[in-house]
2 protein chains.
Amino acid sequence: MAERIKGRVTLDAGRVVDAAVAVADADGFDAVSLSGVAAALGVRTPSLYHHVDGLGGLRRGIALRGIEGLGTALRDATIGRSGADALTAFADAYRDYAARHPGSYAAAQRTDLVDDGELHAAVDRGLQVLRAVVRPWEEDEERQVHLVRTVRSALHGFVMLEAGHGFGMPASRDESFALLVRLQVAALDAYAAAGGA
Amino acid sequence: MAERIKGRVTLDAGRVVDAAVAVADADGFDAVSLSGVAAALGVRTPSLYHHVDGLGGLRRGIALRGIEGLGTALRDATIGRSGADALTAFADAYRDYAARHPGSYAAAQRTDLVDDGELHAAVDRGLQVLRAVVRPWEEDEERQVHLVRTVRSALHGFVMLEAGHGFGMPASRDESFALLVRLQVAALDAYAAAGGA
DNA sequence: ACCTCTGCCTAATGCCTATAGGCTGTGCCC
DNA sequence: GGGCACAGCCTATAGGCATTAGGCAGAGGT
């Protein structure tokens with residue numbers, strides 16, 4: 001496809017994004033620059049334009065990786081589980097992924113990526129997993145949306161605050177997260193018990 | 001203090017940050033640049049350095065505004081309320097502030113502002129309000145921390161997702177948020193009923 | 001009236017993105 | 001086996017931004 005052998009291996013869109021993801025996860029999303037990635041690849045900056053569509057395209061590539069990686073992690077974590085068990089596994093996988101790939105996760109939250117069909121589809125694949133997880137508490141698809149948003153908000157918020165060192169108190173963050181998940185389950189139980197109020 | 005009258009009013013640290021906040025809230029935090037703010041003020045870029053400490057200082061100023069503004073909004077909203085009533089008012093004020101000041105809110109989440117005493121103190125003032133709000137469900141200060149983190153995560157996550165157009169489904173976001181708040185209350189009730197499990 | 005100081009300015013540097021156009025080696029085709 | 005076409009790297013260049021250095025003018029006190 002786009003692989004040449006000479007002794008020195010040459011570039012490739014995938015390899016460029018690989019390098020960018022590495023920078024993003026190591027030094028933060030804002031630290032990603034074309035010149036930095038080019039330097040990491042041992043190449044001059046303009047050469048990257050043959051593989052990605054400028055800085056915007058590179059960032060989009062990182063975001064797509066983040067979204068897809070998170071989606072598969074979530075899917076893998078919840079396979080064969082249901083109810084509170086599935087929700088807990090989902091939550092742990094979510095937090096774990098964000099902690100391991102802070103740059104890619106942050107990239108996926110860029111607001112300038114709206115109306116991007118491929119990205120939206122990738123996000124939806126992840127949300128389908130969560131939708132399936134909350135189904136035991138709410139059959140109706142219309143109302144599931146609100147539950148999905150609620151759970152997603154809690155997880156996303158925790159993960160963002162944790163990544164941004166937003167938790168100043170010395171109390172254990174693991175413990176806080178475990179409580180958060182338990183409270184989500186309790187909330188869903190209460191919701192179902194009340195018949196979807 | 002730093003106000004001169006000539007016919008043309010001159011600069012001031014406060015005025016510079018004012019202009020920056022206006023840009024941030026209108027065009028997004030990432031759109032804030034020294035050159036843009038200088039242009040908005042009818043001034044050349046280097047002139048700003050007499051009032052703020054470069055781009056970093058300007059961003060910090062925006063963040064501080066966001067944190068303090070949010071804190072006072074939260075305090076005002078919860079005065080004279082308690083229990084579920086207070087939590088609902090807190091949540092509504094939180095979301096409302098973030099929606100009205102997206103740039104300042106985003107600025108307040110920058111990860112590069114750790115170990116900044118003044119900022120931390122401002123954040124703590126806001127968190128004290130939330131601490132007081134959850135007190136009816138948990139007296140113990142150690143364990144309050146986890147509840148504060150949980151509620152804060154849910155609100156922060158919702159607000160961030162909403163600001164980033166993360167909710168693709170056409171379902172009402174107001175309704176989702178109202179449910180989120182109700183579920184937080186239900187979760188806290190279940191927590192208290194179980195004696196802090 | 002002068003002197004100082006505050007606070008604006010111009011000038012210049014360096015890093016970044018982005019575009020245009022040249023050069024080289026690979027692999028195919030004759 | 002030799003030339004031809006092309007992929008993919010390169011240099012050169014332009015323009016935007018942050019940042020620093022140093023000049024200049026007006027306000028206010030003495």
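Since the structure is predicted, the reported quantities are computational estimates derived from the model, not experimental observations. Below, read A as the first sequence line, B as the second, and so on, with proteins coming before strands; counting in each chain starts at 1.
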**Study point:** Nearest-neighbour nucleotide for the A:R44 side chain, D:dC10, D:dT19, C:dC9 considered
**Key:** D:dC10
Exercise for review: To the nearest Å, give me how far apart CG (B:L48) and P (C:dT10) are.
Suggested key: 13 Å
Check your understanding: B:P46 has a side chain; which of C:dT17, D:dA12, D:dT20 sits nearest to it?
Key -> D:dT20
Exercise for review: Kindly point out which of C:dG7, D:dC17, D:dT19 is positioned nearest to the side chain of B:S35?
Suggested key: D:dC17
Exercise for review: Identify which nucleotide among C:dT17, D:dA18, C:dC9 has an atom closest to any side-chain atom of A:Y49, counting heavy atoms from C-beta outward.
Suggested key: C:dT17
Review point. Please give, in whole Å, the distance from D:dT20 P to B:L34 CG?
Key: 11 Å
Point to revise | A:R95 to A:F158, cation-pi by 6.0 Å centre distance and 45° axis angle | key: no
Check your understanding: Under 4.0 Å between a side-chain N/O of B:H51 and OP1 or OP2 of C:dT6, yes or no?
Key -> no
Exercise for review: Calculate the interatomic distance between A:R15 atom CZ and D:dG8 atom C1'; express it in whole Å.
Suggested key: 14 Å
Check your understanding: Given D:dC9, C:dC8, C:dT17, which nucleotide is nearest the side-chain atoms of A:L11?
Key -> D:dC9
Exercise for review: Remember a base hit wins even if backbone is also touched, and classify B:S47 as base, sugar-phosphate or nothing at under 4.0 Å, heavy atoms.
Suggested key: base
Review point. What's the CG-P distance between A:L41 and D:dC10, to the nearest Å?
Key: 10 Å
Practice item. In plain terms, say whether B:R59 and B:D112 are close enough for a salt bridge, that is, a side-chain N and a carboxylate O under 4.0 Å apart. Key: no
Exercise for review: Give the rounded distance in Å between these two atoms: NE2 of A:H50 and P of C:dG22.
Suggested key: 14 Å
Revision key, fill the gap. Note: for A:G56 and B:G42 on DNA chain C, the residue whose nearest nucleotide lies more 5' is B:G42
Review point. Is it true that A:R65 and A:D18 have a side-chain N and a carboxylate O under 4.0 angstrom from each other?
Key: yes
Review point. Is the shortest heavy-atom distance from the side chain of A:R110 to the side chain of A:R60 under 4.5 Å?
Key: no
Exercise for review: Step by step, work out the salt bridge (Lys or Arg N to Asp or Glu O under 4.0 Å) result for B:R135 and B:D140.
Suggested key: CA-CA 8 Å; B:R135 185 166 302 134; B:D140 182 80; over 6 Å; no
Exercise for review: Could you state the atom-to-atom distance from CG of A:L55 to P of C:dC15 in whole Å?
Suggested key: 18 Å
